[in-house]
Amino acid sequence: MNAPSGSPKLQREGLRFFGQIAAGLSHELSNVLNIINELAGLQQDIAGAATDDARGAQAGRITDLAGRIRAQIERAEGLNRRLHAFAHTIDSAAVAFDLADLLDLLEALAARAARLGQVELRIHRPTTPITLQGDPFALLLSLYAMIELGLAAAASERRLSLDAEPASGGARVTLESADPLPPLEEPGSVAPALEMGRAAWGATITSDGGRETETVVLSLPAIAPTHRSENDAPREGSHET
Amino acid sequence: MRPDRVLLIDDEADFLEILSERMRSRGLEVRCATSGAQALRIAETETFDAAVLDLAMPGLDGLETLRRLHEVQPDLQVMILSGRATVKTAVEAIQLGAIDIFEKPTDVETLVERIRAARARRLAEGDRATQGQIDEILKTRGW
């Protein structure tokens, strides 16, 4: 996909629009799933009432099908929750949030890419709550870019883990790869998405290799610098869907 | 004993139709409203043990409907059944007197159970209010 064009403000507005529409569609999709869920429930009710008569076998089959419909609904609901949570990461560029919640979302969003790349990805929640203040979307973008870096470098071992811990009042997020990672010192070697997120958070990126595993570390302040003045406040039209 | 009476409020007519059928088959008496305004009109003329209310609705949203429902029927036991209630909205709903918050999809058995419990709670609150009035009369009349 091409990079978005125009001024940063336009890009931000574009993302806000994207988030709003995605959240709205997610809500509508959820409504449809709820109706299908109730229909499956009604089917079960009807089948349950018919189990004593001669059509017991068919009733059992209907119950079984209803159960399978429900299982698929649960699956779709899970996907939809992620879409909804992802859409809402764009709501505010200056908001306090729990890093563990963002890592849960990251794990859900990155699971497909890891599965397709046949890489075992483990994301561990921090053992203590870490509250950060800033742009969750920019951080999500950075963390996802870190994982993409690891996925692209996966070779024989194909194992990645991402850990977070409190550090210097903020947080340190470490991506560890069982395969060699590309050196970050070379100009242009940091992916644009990772660099944008790093800049938005005033974070630092370091890498370390040569042992059994290689790491990329993103060190984050507790509060991101507020350099996008026009977007620091909660955005107008932030949506609750 | 009369059946438990519930008012279902959700702007998704299909959802209401199916859920109400499932509740009726479990012995509940169900009325449906597809908007907050319609729910208020119904609540002005009929009493209910409980109301099950969606939050995201066009026109009067769930929270405003909740507030106005309690103006019409102060002892109405209102439960929220919503797709994506945020913590903030859930807190507001509880502050406005909602007794339960459910996230869709919710098991109908659980919902029916809570509606039955809500009726018992409403009756108990009514008894307490009546007892309070009796105590007040006994005190002021000096009998």
Side-chain angles (χ1 to χ4, degrees), chain A residues 19-20 22-51 66-67 69-89 91-92 95-98 101 105 131 136 234 238-241, chain B residues 6 8-28 30 32 34-35 52-66 79-93 101-113 115:
Chain A
Q20 190 170 355
L25 288 173
S26 161
H27 188 85
E28 292 297 324
L29 182 57
S30 194
N31 283 340
V32 175
L33 289 170
N34 288 324
I35 292 167
I36 298 171
N37 186 56
E38 289 305 323
L39 280 169
L42 182 58
Q43 196 179 357
Q44 263 175 329
D45 290 352
I46 294 166
T51 47
I69 292 171
R70 284 216 149 132
Q72 289 303 315
I73 291 166
E74 266 178 43
R75 185 179 163 212
E77 265 296 325
L79 294 168
N80 199 29
R81 274 198 195 95
R82 290 168 205 165
L83 173 62
H84 193 260
F86 175 57
H88 277 294
T89 58
D91 283 357
S92 174
V95 67
F97 61 92
D98 186 346
D101 291 342
L105 177 60
T131 302
S238 285
H239 41 288
E240 186 167 300
T241 58
Chain B
V6 61
L8 297 184
I9 310 152
D10 195 302
D11 62 316
E12 283 284 335
D14 287 342
F15 179 76
L16 279 187
E17 185 191 333
I18 305 157
L19 183 60
S20 61
E21 184 177 341
R22 300 191 71 201
M23 286 185 166
R24 283 187 191 109
S25 73
R26 285 163 174 78
L28 266 58
V30 185
C32 295
T34 52
S35 69
V52 177
L53 173 65
D54 187 19
L55 283 177
M57 293 189 293
L60 282 184
D61 67 10
L63 290 178
E64 186 57 23
T65 304
L66 169 61
M79 299 166 203
I80 302 298
L81 176 61
S82 188
R84 301 272 184 276
T86 60
V87 174
K88 181 172 168 278
T89 318
V91 169
E92 274 183 69
I101 312 277
F102 294 103
E103 187 170 278
K104 291 177 185 172
T106 293
D107 176 42
V108 71
E109 301 292 355
T110 308
L111 209 51
V112 168
E113 204 175 285
I115 290 166

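Not measured: the values here are computed from a predicted model. By convention in this document, chain letters (A, B, ...) are assigned in the order of the sequence lines, proteins followed by strands, and residues within each chain are numbered from 1. Heavy atoms only: backbone and side chains are in, while hydrogens, waters and symmetry mates are out.
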Open item on the list: Please classify the contact of B:Thr106 with chain A as side chain, backbone, both or neither, using a heavy-atom distance under 4.5 Å.
Closed with: backbone
Open item on the list: Given heavy-atom pairs under 4.5 angstrom as the criterion, report whether the side chain, backbone, both or neither of B:Glu109 touches chain A.
Closed with: neither
Task: Portion of A:Asn31 that has a non-hydrogen atom of chain B nearer than 4.5 angstrom - done: side chain
Task: From OG (B:Ser82) to NE2 (A:His27), nearest 0.5 Å - done: 6.5 Å
TODO: Rounded to the nearest 0.5 Å, what's the gap from OG on A:Ser30 to CD on B:Glu103? Could you check?
DONE: 8.0 Å
More than 12 heavy atoms of other residues, nucleotides or ligands under 6.0 Å from [atom1] of [X]: is that the case?
X       : atom1 : result
A:Gln43 : CD    : yes
B:Glu92 : CD    : yes
B:Glu64 : CD    : yes
B:Arg24 : CZ    : yes

Taking every non-hydrogen atom, the tightest pair across [X] and [Y]:
X        : Y        : value
A:Leu42  : B:Arg22  : N-NE, 3.5 Å
B:Pro105 : A:Asn34  : N-OD1, 3.5 Å
A:Arg81  : B:Lys104 : NH2-O, 4.3 Å

Open item on the list: Consider side-chain contact (heavy atoms from CB on, under 4.5 Å). Of A:Leu39, A:Ile35, A:Ile36, which one does B:Asp14 pass it with?
Closed with: A:Ile35
TODO: Carefully, step by step, assess B:Arg26 and A:Asp45 under the rule side chain to side chain contact (heavy atoms under 4.5 Å, CB included).
DONE: CA-CA 10 Å; B:Arg26 285 163 174 78; A:Asp45 290 352; 2.9 Å; yes
